[in-house]
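Nothing here was measured: the structure is a model prediction, and the numbers come from that model. Below, read A as the first sequence line, B as the second, and so on, with proteins coming before strands; counting in each chain starts at 1.
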Amino acid sequence: MLYSRYFIPTIKETPSDAEVISHQLMLRAGMIRKLASGIYNYLPLGLRSIRKFENIVREEMNKAGAIEMLMPSVQPAELWQESGRWAFYGKELLRFKDRKDAEFCMGPTHEEVITDMVRREIKSYRQMPLNFYQVQTKFRDEIRPRFGLMRGREFIMKDAYSFDVDSSAADLSYEKMYNAYMRIFERCGLNFRAVEADTGSIGGSSSHEFMVLADSGEDAIVSCDACRYAANIEKAESPLYSVVSDGTAEVLQKVSTPEMKTIADVAAFLNVAADNTVKTLVYASDSGELAMALLRGDHELNELKLKNYLGWDEILMASEEQILACTGSPVGFLGPIGLKQEIPVIADRVVQGMTNVVMGANEVDLHYINANRGRDFEVSGFVDIRTVEAGDACPRCDSGKLEMWRGIEVGHVFKLGTKYSKALNATYLDANGREQIIFMGCYGIGIGRTVAAAIEQNHDENGIIFPIPIAPFHCSVVAVNTKDAGVMAAAEEIYFCLEKLGVEVLFDDRDERPGVKFKDNDLIGIPLRIVVGSKGLAEGKVEVKIRSTGDILSLSLDEVANTVKQMIDTALAHAE
RNA sequence: CGGUGAGUAGCGCAGCCUGGUAGCGCACCUGCCUUGGGAGCAGGGGGUCGCUGGUUCGAUUCCAGUCUCACCGACCA
């Protein structure tokens with residue numbers, strides 16, 4: 001490719017509205033341009049990277065036995081009404097009507113469409129297992145699109161759906177996809193973790209997320225430093241502390257704690273450790289149900305765990321009025337003793353072993369000391385509702401400690417069970433001629449997001465440092481001075497050689513000063529740069545600069561093409 | 001949706017407080033010069049100052065409304 005005939009509109013200055021580095025660099029490198037909030041043009045260079053990654057995904061999907069197809073992005077409302085998600089999905093589902101007033105939506109995901117196809121076509125257990133995938137444009141009307149391709153409204157996603165005769169067969173399909181995902185992200189040279197995750201609005205029984213580690217990541221994850229346990233913090237189980245009790249229950253006392261509203265204030269004022277206090281929080285569902293959560297004072301609540309335990313659709317901090325009505329006290333002095341209303345009191349498991357604790361007395365400026373469960377208050381259940389912290393013991397092994405990371409979710413695999421097949425009545429006949437419900441799994445990879453995540457993880461002050469498997473070009477040839485006939489001839493020669501060898505090469509033949517070319521080549525992240533200048537040429541040499549390390553090799557004219565070809569092949573072979 | 005901030009040339013910004021019809025850097029065009037890390041000189045083109053209304057002789061500037069965008073919170077690949 002001739003740079004002068006290609007289209008790479010780089011920009012020197014960082015656009016002011018780009019916050020994260022991958023967004024800044026993709027704009028500056030001329031890979032993407034914004035058309036509307038969360039909606040982007042993929043410019044030629046960006047598209048090349050995206051296609052590269054798509055093809056890695058395709059290769060691994062095919063290897064894992066998945067079959068490619070393509071579904072429409074416009075979907076009829078009926079299917080969504082049938083699955084029940086027309087009502088449940090909310091405003092993220094972009095809905096519209098056609099000229100006949102029939103309702104449609106832009107597909108945010110394709111469980112309905114694929115399940116509809118399968119229920120029409122699959123009749124027998126002999127036809128399964130099946131796994132269909134597609135690489136397709138999705139639309140989700142995100143409340144707050146941000147970070148460029150990281151969270152767009154329109155985005156390219158690989159989604160796959162598996163269909164099996166029963167749960168254990170479905171587990172096998174799940175495992176195949178899990179392993180394929182591991183290979184995909186390994187091939188791209190990404191530093192990532194597969195973590196246990198909450199299933200969210202997709203539903204189903206269990207799931208793993210694939211998280212590229214990056215400080216700018218929107219998710220927090222933990223992983224054990226000794227065993228393989230890793231989980232999204234939303235899901236991460238807190239360790240069970242052994243019950244510590246000094247046995248003797250002291251006398252319950254109400255003490256004055258003027259203006260002491262936080263655990264830190266109260267603990268300091270009463271001169272007790274924060275871990276001998278109990279924190280009380282009141283939550284409300286969207287339909288107005290209330291629940292009280294008790295945690296050790298220095299612990300944090302995991303709202304998702306509480307929400308899942310309560311089975312609520314939505315969880316909100318209770319309003320001041322709601323709190324006042326059920327406890328009789330404003331926030332700051334809440335506790336489970338002497339409630340005005342009967343509401344569920346959910347205690348974290350750690351609270352079970354605590355004795356003689358400090359907790360709010362449901363009266364302004366008053367706390368209890370020496371409160372004890374059983375004697376002074378009761379709880380409706382002990383449940384893991386706290387957020388794990390770095391340094392917590394691993395819930396799975398004896399010796400490990402949890403480490404905490406930020407991550408970008410680039411892939412997510414779900415065991416769906418029969419959630420969609422049941423709703424859409426996707427059944428088959430088993431060997432006994434009996435009708436059975438199909439078991440499903442679904443598997444997504446954010447294509448653009450992965451490319452963005454790769455940039456997030458591979459860059460320096462000069463720009464992108466693409467891993468070779470997803471680099472838009474493998475190498476570039478830079479002619480230092482295009483007016484120098486000798487330089488141009490040598491550069492062209494190398495360019496043609498490389499093309500002949502099947503190397504993806506960008507020939508920077510622009511009549512620009514060398515500095516401009518070097519800066520652009522660095523910015524767009526080309527892994528190898530061959531520089532042809534008059535100085536080196538006088539000795540029959542050109543130089544090859546490696547973007548990632550900054551190392552410079554001096555090679556003779558005749559060997560450079562083959563050497564570069566070899567370097568690229570070696571790098572790509574490692575990624576297979 | 002709530003909170004914060006911003007809309008002035010393709011990009012990054014100044015001007016606005018204290019009204020008088022717009023400027024800087026980069027980019028772009030022409031010419032000269034230059035060619036190993038975003039050079040230099042000279043000339044030039046480009047803006048209904050987000051939109052609507054109000055106040056005023058006069059509004060980019062003051063007022064009101066509105067739209068858009070970005071950032072912080074709950075969702076997600």
Checklist outcome for this item: To the nearest angstrom, the CG-C1' distance between A/Asp508 and B/rU35 comes to 13 Å

Item to check | Rounded distance in Å between the P positions of B/rA9 and B/rC1 | outcome: 28 Å

Item to check | Spatial distance of atom CZ (A/Arg5) from atom CZ (A/Arg510) [nearest 0.5 Å] | outcome: 13.0 Å

Checklist entry - Heavy atoms under 4.0 Å, any strand shown: does A/Arg529 hit a base, just sugar-phosphate, or nothing? => result base

Checklist entry - Which part of the nucleic acid does A/Val410 contact within heavy-atom distance under 4.0 Å: base, sugar-phosphate only, or nothing? => result sugar-phosphate

Checklist entry - Residues in salt bridge (Lys or Arg N to Asp or Glu O under 4.0 Å) with A/Glu112, at least two apart? => result A/Arg85

Checklist entry - Can A/Glu68 and A/Arg58 be counted as an ion pair, charged N to O under 4.0 angstrom? => result yes

Checklist entry - In the strands shown, is B/rU66 matched to any nucleotide by a Watson-Crick or G-U wobble pair with both distances under 3.5 Å, and which? => result B/rG50

Checklist entry - With a 4.0 Å cut-off on heavy atoms, is A/Arg33 in touch with a base, just the backbone sugar-phosphate, or nothing at all? => result nothing

Checklist entry - Taking N and O atoms by type only, does the side chain of A/Arg151 place a donor or acceptor under 3.5 Å from a partner on the base of B/rC76? => result yes

Checklist entry - Can you find an N or O donor on one side and an acceptor on the other, under 3.5 Å apart, linking the side chain of A/Glu512 with the base of B/rG38? => result no

Checklist entry - Within the pair A/Arg513 and B/rA39, is there a side-chain N or O less than 4.0 Å away from OP1 or OP2? => result yes

Checklist entry - Nearest to the side chain of A/Phe155, which nucleotide is it out of B/rA39, B/rU35, B/rA77? => result B/rA77

Checklist entry - What is the per-nucleotide protein-contact pattern of nucleotides 66-71 of chain B, from the 5' end, where B denotes a base atom under 4.0 Å from a protein heavy atom, S denotes such proximity for sugar-phosphate atoms only, and - denotes neither? => result ---SSB

Checklist outcome for this item: Comparing nearest nucleotides in RNA chain B, the 5'-proximal residue of the pair A/Glu409, A/Ile11 is A/Ile11

Checklist entry - Considering only heavy atoms and no angle criterion, is a donor-acceptor pair shorter than 3.5 Å present between the side chain of A/Asn462 and the base of B/rG37? => result no

Checklist entry - Counting only side-chain N and O atoms of A/Lys12, is one of them less than 4.0 Å from OP1 or OP2 of B/rA27? => result yes

Checklist outcome for this item: Whichever of A/Leu537 and A/Phe210 has the more 5' nearest nucleotide on RNA chain B, that residue is A/Leu537

Checklist entry - Near RNA chain B, under 4.0 Å by heavy atom, which residues of residues 474-495 of chain A? => result A/Val480, A/Asn481, A/Lys483

